[in-house]
Number of protein chains: 2
Amino acid sequence: MAANTRFAVAIHAMGMLAFGDELNVTSDDIARSVRTNPVVVRRLLAQLTRQGLVMVKLGAGGGARLTRPPEQIALSDIYLALGEGPIFQVPLLDETHDCAVGRNVGPVLNAVLLRAEKGLLAELQTITLADVIGKVMRRMKRQGCARHVPGAGKARK
Amino acid sequence: MAANTRFAVAIHAMGMLAFGDELNVTSDDIARSVRTNPVVVRRLLAQLTRQGLVMVKLGAGGGARLTRPPEQIALSDIYLALGEGPIFQVPLLDETHDCAVGRNVGPVLNAVLLRAEKGLLAELQTITLADVIGKVMRRMKRQGCARHVPGAGKARK
DNA sequence: TTCAAGTGTAACTAAAGTAGTTTCATTTAA
DNA sequence: TTAAATGAAACTACTTTAGTTACACTTGAA
């Protein structure tokens, strides 16, 4: 898998932190839930922490929690915090292009593609972490769910 | 460069075809303009041809041209023709997830990320190839341009 | 009818990004 | 003092894009 799952994993992790509420959620908890490696999770959490979305406590009993309620976190906040590069790139067509058209294509394409990405970002701004959690909860209820105690159990193995 | 320049190169190529009008533009012409390899261009044109945006003529004097005027080609048409996979992927969290929440996160995330991509696509739908060409032309004029004869010269080296 | 100019395609290499893993220093609560 | 955490570095593996070479096939024109 070399696909871009970073954003999805980050949302998943943030969702778990929201569930955890006042409790510290460990990278191990998250990793087990996403079926990945704790280090991968910590790398993501480190970025989210640097951007002020998450606070981390070191040492025994440590872990991560949100810095603000999930209603105040838009998915665009998470996306931007990851600092992903542009989705589309324009091969730098030199300013020294021998064709007058060629010299102007690059900047125009850059502007156009940036505009497209803003369309994506605008959509992400309309969705909060709380919305995502709500969708998950409703989906659970529709299926008739069972156990799982949100931040309580924290089944240590 | 392992970045995603495919879309930008495709737009650039289509733009050249629009300029070429009735003339056949060769993959070599395009490759020289984008500073890449003719094979790379042909691979892109092949996809665009399969999706009906471009028609290609084999043999001497051959090359590519658009199947319809650039006013009728939205950037979303080009993007979709390239058949890129989803921008974001969700690591498949098994349906057998031991946590009831976990079983429902995957589908919800998929839906959310799909919605974000649709925001991007919606933006691309509002821009035609002709718009892009117009922007380039206007930018040229603003800078006080010089020569270049659109489909005429075809400087053979 | 031959040849040069094209495309189509396969095969290979190179470079970059993501994911995964191990390891170790450091912090902290009990 | 010890166990439970994070932080970070180092390394491997895999995937995707880009670039290149090579060659079969098509076509127009001398």
Side-chain angles (χ1 to χ4, degrees), chain A residues 1-10 12-13 16-17 20 23-32 34-50 54-65 82-93 154-157, chain B residues 1-10 12-13 16-17 20 23-32 34-50 54-65 82-93 154-157:
Chain A
M1 225 193 305
N4 207 17
T5 61
R6 285 165 48 86
F7 188 31
V9 171
H12 188 125
M16 285 187 71
L17 299 195
L23 268 76
N24 288 318
V25 182
T26 70
S27 60
D28 211 69
D29 291 336
I30 299 171
R32 225 176 300 124
V34 192
R35 304 255 194 266
T36 182
N37 194 287
V39 174
V40 172
V41 173
R42 285 206 288 268
R43 283 201 277 242
L44 282 173
L45 286 182
Q47 286 190 279
L48 297 170
T49 302
R50 264 180 247 123
V54 165
M55 44 189 293
V56 169
K57 199 176 166 202
L58 297 181
R65 66 177 76 179
L82 295 183
E84 305 278 353
I87 298 174
F88 306 119
Q89 276 183 271
V90 178
L92 354 63
L93 319 167
K154 302 204 67 195
R156 291 269 152 64
K157 181 169 58 188
Chain B
M1 222 193 306
N4 208 18
T5 61
R6 284 165 49 85
F7 188 31
V9 171
H12 188 126
M16 286 187 71
L17 299 195
L23 267 78
N24 288 318
V25 182
T26 70
S27 60
D28 213 68
D29 291 336
I30 299 172
R32 225 174 303 122
V34 192
R35 303 253 195 268
T36 182
N37 195 288
V39 174
V40 172
V41 173
R42 286 206 287 270
R43 284 201 278 243
L44 282 173
L45 286 181
Q47 285 189 280
L48 297 170
T49 302
R50 265 180 245 120
V54 165
M55 43 188 296
V56 169
K57 198 177 166 203
L58 295 183
R65 65 176 77 177
L82 295 183
E84 305 277 354
I87 298 174
F88 306 118
Q89 276 182 270
V90 178
L92 351 64
L93 319 167
K154 300 202 75 195
R156 290 266 151 63
K157 181 171 53 188

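FYI, side chains are in, hydrogens and waters are out, and symmetry mates aren't considered; it's all heavy atoms of this structure. Below, read A as the first sequence line, B as the second, and so on, with proteins coming before strands; counting in each chain starts at 1.
Whole-Å rounding puts the B:Leu23 CG to C:dG6 C1' distance at 15 Å. Rounded to an integer number of Å, the gap from CZ of B:Phe7 to P of D:dA18 is 13 Å. The distance between atom CZ of B:Arg65 and atom C1' of C:dG6, rounded to the nearest whole Å, is 14 Å. For the pair B:Leu45 CG and C:dT9 C1', the interatomic distance rounds to 14 Å; values are reported in whole Å. In this structure, the CD atom of A:Gln89 is 11 Å from the C1' atom of D:dT17, given to the nearest Å. Note: CD1 (A:Ile30) to C1' (D:dA4) measures 16 Å, nearest angstrom. The interatomic distance linking B:Gln47 (CD) with D:dT16 (P) rounds to 14 Å, in whole Å. Between the CG atom of A:Asp28 and the C1' atom of D:dA3 there is a distance of 14 Å, rounded to whole Å.
In this view, B:Leu58 satisfies the side chain to side chain contact (heavy atoms under 4.5 Å, CB included) rule with no residue, not counting sequence neighbours. B:Ala64 meets the side chain to side chain contact (heavy atoms under 4.5 Å, CB included) test with B:Leu17, B:Leu45, B:Val54, B:Val56; sequence neighbours excluded. Remark: A:Ala8 pairs with B:Val90, B:Pro91, B:Leu109, B:Leu113 by the side chain to side chain contact (heavy atoms under 4.5 Å, CB included) rule, at least two apart or across chains.
Within the structure, no pair that satisfies the salt bridge (charged side-chain N to carboxylate O under 4.0 Å, His left out) test touches residues 36-45 of chain B, not counting sequence neighbours.
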Could you pull out the protein-nucleic contacts involving nucleotides 21-25 of chain C (nitrogen or oxygen on both sides, under 3.5 Å)?
unit_1	atom_1	unit_2	atom_2	d
C:dT21	OP2	A:Asn37	ND2	3.3

Set out, line by line, the N/O atom pairs under 3.5 Å between protein and nucleotides 24-26 of chain D.
unit_1	atom_1	unit_2	atom_2	d
D:dT26	O2	B:Gly59	N	3.4

Handout entry: Intermediate values then yes/no, side-chain contact (heavy atoms from CB on, under 4.5 Å), B:Asn4 and A:Gln89
Key = CA-CA 6 Å; B:Asn4 208 18; A:Gln89 276 183 271; 5.9 Å; no
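The nearest pair of heavy atoms linking B:Asp28 to B:Pro38 is OD1-CG, 3.3 Å. What you find for A:His12 and A:Val34 is that their closest heavy atoms are CD2-CG2, 3.6 Å. Of all heavy-atom pairs spanning B:Ile30 and B:Met16, the tightest one is CA-SD, 3.8 Å. When all heavy atoms are compared, the tightest approach of A:Arg65 to A:Leu23 is CB-O, 4.1 Å.
Checking the phosphate oxygens (OP1, OP2) of C:dA5, no side-chain nitrogen or oxygen of B:Lys57 falls inside 4.0 Å. The shortest distance between the side-chain N/O atoms of A:Thr26 and the OP1/OP2 oxygens of D:dA5 is not below 4.0 Å.
In this structure, CD in B:Glu84 is found 7.5 Å from CD in B:Gln47, a value given to the nearest 0.5 Å.
Remark on the helix from C:dT1-D:dA30 to C:dA30-D:dT1: inter-end axis angle 10°, axes from five-pair C1' superpositions, rounded to 10°.
Formation of a donor-acceptor pair under 3.5 Å by the A:Asn24 side chain with backbone atoms of A:Gly61 is found in this model.
With DNA chain D read from its 5' end, the first of the two nearest nucleotides for B:Glu84 and B:Gly61 is the one closest to B:Glu84.
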